[in-house]
A.B. asks: 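There's a structure below that I have some questions on.
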2 protein chains.
Amino acid sequence: MSTQAPAPTRREQILKEAARLFAERGFHGVGVDEIGAAVGISGPGLYRHFPGKEAMLAELLVGISGRLLTGGKQRAAEASGQERDPGAVLDSLVRGHIDFALDDRPLIILHDRELDRLRDTDRKLVRSLQRQYVELWVQVVREVHPRLAEPEARACVHAVFGLLNSTPHLSRPGALPGRAATAELLHRLALGAFRAAADGSGQ
Amino acid sequence: MSTQAPAPTRREQILKEAARLFAERGFHGVGVDEIGAAVGISGPGLYRHFPGKEAMLAELLVGISGRLLTGGKQRAAEASGQERDPGAVLDSLVRGHIDFALDDRPLIILHDRELDRLRDTDRKLVRSLQRQYVELWVQVVREVHPRLAEPEARACVHAVFGLLNSTPHLSRPGALPGRAATAELLHRLALGAFRAAADGSGQ
DNA sequence: CAGCGGCGTTAGTGGTCGTTAACCTGGTGG
DNA sequence: CCACCAGGTTAACGACCACTAACGCCGCTG
């Protein structure tokens, strides 16, 4: 890869540590002094980089929602030469989401846990990005499984997100098989769930 | 049914409202005055019923973990006449968990979100109950799908919990099909996920 | 070399929150 | 009728916390 960790800026350090702490103890459970200490500066020094504690959370949530969406759009687009194969697109979406869940565990946790701590305007933005991401999935799922009506497809997508996002919640990471095996397992679980939902009431 | 809502005691009112508020805004995000106001008394009056705010959370989490476990044990036991059918047991476990997730949404949310706000002793108790519940599922899943090794089965169970617990997270309940339809859909998703995981790498 | 702006620091400050203290009140049993 | 107790009340206290103020250091740039 050409991107070789180009010396993380202070802002990025702060965001990374804030994400970890917020995920561990909750937004209200972490003080600014702790965040500062985690990057080697203390307390109010953070205000040289962010206008406030909530701004950090907002940037984290907008960031991850945006990256999920753009990643999803990209995968949906690049797999669509003429004669696009919907199954391959869904496959790619699932794999991309799994990579996210396994590599950015704190962000995935924050993403559906601390959304309500945002100001109205930020929360609306994040929700909009999340909604677009869901709709992207719904569309692809319905191409692969045309028997699924739209509300059912949307419910399935939400449920599968719950499935894919479940791994970060495990306290000790050692409880899982290796990363590759876990990814493969989640992949099978997700696709199997969609297929079972689409196979109608007759099993 | 013979149980016809036998006049909820004050303690029960408090627990119910506290569960709702904790689920909405997080343990640290809710003040004791709000909890009091939600049941018509104000602030410190709660201390006639609980030794502190954390005791409410502890009772909620121990309560739900315990009820999940005893419910699961019961279902596993009653389905096991001689010639027990593992598929039916798993079916029953899934249905029972879905009922819980759909009927006690706040508790399900708290259950995997605010565990870390407990004192050591309470947290250990809850974790122990959760672990037993997981192991119960793992055992049944491996009877139904013997090809699954134990670590994989455990990972699958965690993931399916994530799937089943995903519905409470949806902000507006109106986004789903009716309760029965949602339950049926979740049931198919869960069993389909297990089956797909067990069907090995060949799809 | 002067000055200035980025990036810290420490010392407050106002507000919130969990908890305790002290007091009140209506029903109940001796 | 009186004592008591369960279950409230309001007032206050101490800790904590996000944020601001005032100041200091240091590497640029002109």
Side-chain angles (χ1 to χ4, degrees), chain A residues 6-62 106 110 113-123, chain B residues 6-62 106 110 113-123:
Chain A
T9 165
R10 194 31 53 107
R11 269 184 70 92
E12 292 167 335
Q13 292 179 45
I14 295 172
L15 286 174
K16 183 180 167 195
E17 295 302 307
R20 186 178 55 82
L21 290 168
F22 288 160
E24 274 175 16
R25 298 210 284 284
F27 179 69
H28 292 296
V30 181
V32 289
D33 289 353
E34 298 178 75
I35 305 175
V39 298
I41 73 182
S42 235
L46 296 172
Y47 287 76
R48 298 288 165 194
H49 304 273
F50 295 91
K53 185 183 164 190
E54 192 199 272
M56 304 178 205
L57 182 63
E59 187 156 330
L60 287 170
L61 294 189
V62 172
L110 289 182
R113 191 173 285 200
E114 307 284 353
L115 178 58
D116 297 323
R117 281 68 181 172
L118 259 47
R119 287 188 217 283
D120 250 33
T121 156
D122 291 324
R123 191 173 54 242
Chain B
T9 165
R10 193 30 55 106
R11 269 184 70 91
E12 291 168 335
Q13 293 180 46
I14 294 172
L15 285 174
K16 183 181 166 195
E17 295 302 307
R20 185 178 55 82
L21 290 168
F22 289 159
E24 274 175 15
R25 299 209 282 284
F27 179 68
H28 291 296
V30 180
V32 290
D33 289 355
E34 298 178 74
I35 305 176
V39 298
I41 73 183
S42 234
L46 296 172
Y47 286 76
R48 298 289 165 192
H49 304 274
F50 295 92
K53 185 184 167 191
E54 193 200 271
M56 304 178 205
L57 182 63
E59 188 156 329
L60 287 170
L61 293 189
V62 172
L110 289 182
R113 190 172 288 200
E114 307 283 353
L115 178 58
D116 297 322
R117 279 70 180 171
L118 259 47
R119 287 188 217 283
D120 250 32
T121 157
D122 291 325
R123 189 173 55 243

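Bear in mind the structure is a predicted one, so any value in this text is a computation, not a measurement. In what follows, chains carry the letters A, B, and so on, assigned in the order in which the sequence lines appear, proteins first and then strands, with residues in each chain numbered from 1.
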A.B. asks: Between B/Gln13 (CD) and D/dG7 (P), how many Å, whole number?
C.D. replies: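 Going from CD in B/Gln13 over to P in D/dG7 covers 12 Å.
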A.B. asks: Would you mind reading off the distance between B/Leu21 atom CG and C/dC17 atom P, rounded to a whole angstrom?
C.D. replies: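 After rounding, the reported distance stands at 13 Å.
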A.B. asks: Expressed as a whole number of angstroms, how long is the span from A/Ile41:CD1 to C/dG6:P?
C.D. replies: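 Taking atom P of C/dG6 as the reference, CD1 of A/Ile41 is at 16 Å.
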A.B. asks: Restricting to side chain to side chain contact (heavy atoms under 4.5 Å, CB included), what partner residues turn up for A/Arg48, sequence neighbours left out?
C.D. replies: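 By the side chain to side chain contact (heavy atoms under 4.5 Å, CB included) rule, A/Arg48 matches no residue at all.
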A.B. asks: State which residues pass ring-ring contact (aromatic ring centres under 6.0 Å, His included) with B/Phe50; sequence neighbours excluded, sorted by chain then number.
C.D. replies: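 Once residues adjacent in sequence are excluded, B/Phe50 has no partner under the ring-ring contact (aromatic ring centres under 6.0 Å, His included) criterion.
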A.B. asks: Check nucleotides 22-25 of chain C against the protein and report each pair of N or O atoms closer than 3.5 Å, with its distance, or say if there are none.
C.D. replies:
none

A.B. asks: Mind checking salt bridge (charged side-chain N to carboxylate O under 4.0 Å, His left out) for A/Asp33 and listing every partner two or more places apart, or none if nothing turns up?
C.D. replies: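 Partners of A/Asp33 under the salt bridge (charged side-chain N to carboxylate O under 4.0 Å, His left out) test: none.
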A.B. asks: How close or far is atom P of C/dG6 from atom CZ of A/Arg11, stated in whole angstroms?
C.D. replies: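 These atoms are roughly 14 Å apart.
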A.B. asks: Mind checking what makes side chain to side chain contact (heavy atoms under 4.5 Å, CB included) contact with B/Val32, not counting sequence neighbours?
C.D. replies: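 Expected list: B/Leu46, B/Tyr47, B/Lys53.
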A.B. asks: How many whole angstroms separate atom CG of B/Leu46 from atom P of C/dT20?
C.D. replies: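 Distance check: B/Leu46 CG to C/dT20 P gives 13 Å.
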A.B. asks: Could you tell me if the side chain of B/Met56 sits less than 4.5 Å from the side chain of B/Ile14, heavy atoms only?
C.D. replies: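 In contact.
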A.B. asks: Test of understanding: with salt bridge (charged side-chain N to carboxylate O under 4.0 Å, His left out), list the residues that count as partners of B/Arg10, not counting sequence neighbours.
C.D. replies: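 B/Arg10 satisfies salt bridge (charged side-chain N to carboxylate O under 4.0 Å, His left out) with no other residue.
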A.B. asks: Identify all pairs in which a protein N or O lies below 3.5 Å from an N or O of nucleotides 16-21 of chain D, and state each distance.
C.D. replies:
{"from": "D/dA18", "atom 1": "OP1", "to": "A/Val30", "atom 2": "O", "distance (Å)": "3.2"}
{"from": "D/dA18", "atom 1": "OP1", "to": "A/Lys53", "atom 2": "NZ", "distance (Å)": "2.7"}
{"from": "D/dA18", "atom 1": "OP2", "to": "A/Val32", "atom 2": "N", "distance (Å)": "2.8"}
{"from": "D/dC19", "atom 1": "OP2", "to": "A/Tyr47", "atom 2": "OH", "distance (Å)": "2.5"}
{"from": "D/dC19", "atom 1": "OP2", "to": "A/Lys53", "atom 2": "N", "distance (Å)": "2.8"}
{"from": "D/dC19", "atom 1": "O5'", "to": "A/Tyr47", "atom 2": "OH", "distance (Å)": "3.2"}

A.B. asks: Using side chain to side chain contact (heavy atoms under 4.5 Å, CB included) as the criterion, list what pairs up with B/Glu17, not counting sequence neighbours.
C.D. replies: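 By the side chain to side chain contact (heavy atoms under 4.5 Å, CB included) rule, B/Glu17 matches B/Arg20, B/Ala38, B/Val39.
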A.B. asks: Please state whether the phosphate of D/dG8, meaning OP1 or OP2, lies under 4.0 angstrom from any side-chain nitrogen or oxygen of B/His49.
C.D. replies: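 Yes, such a contact exists.
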A.B. asks: Which residues pass the side chain to side chain contact (heavy atoms under 4.5 Å, CB included) test with A/Arg113, not counting sequence neighbours?
C.D. replies: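 With sequence neighbours excluded, A/Arg113 shows a side chain to side chain contact (heavy atoms under 4.5 Å, CB included) to A/Ile109, A/His169, B/Arg113, given in chain and number order.
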A.B. asks: Over how many whole Å does the gap from B/Leu57 atom CG to C/dG18 atom P extend?
C.D. replies: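 So the CG-P distance, B/Leu57 to C/dG18, works out to 13 Å.
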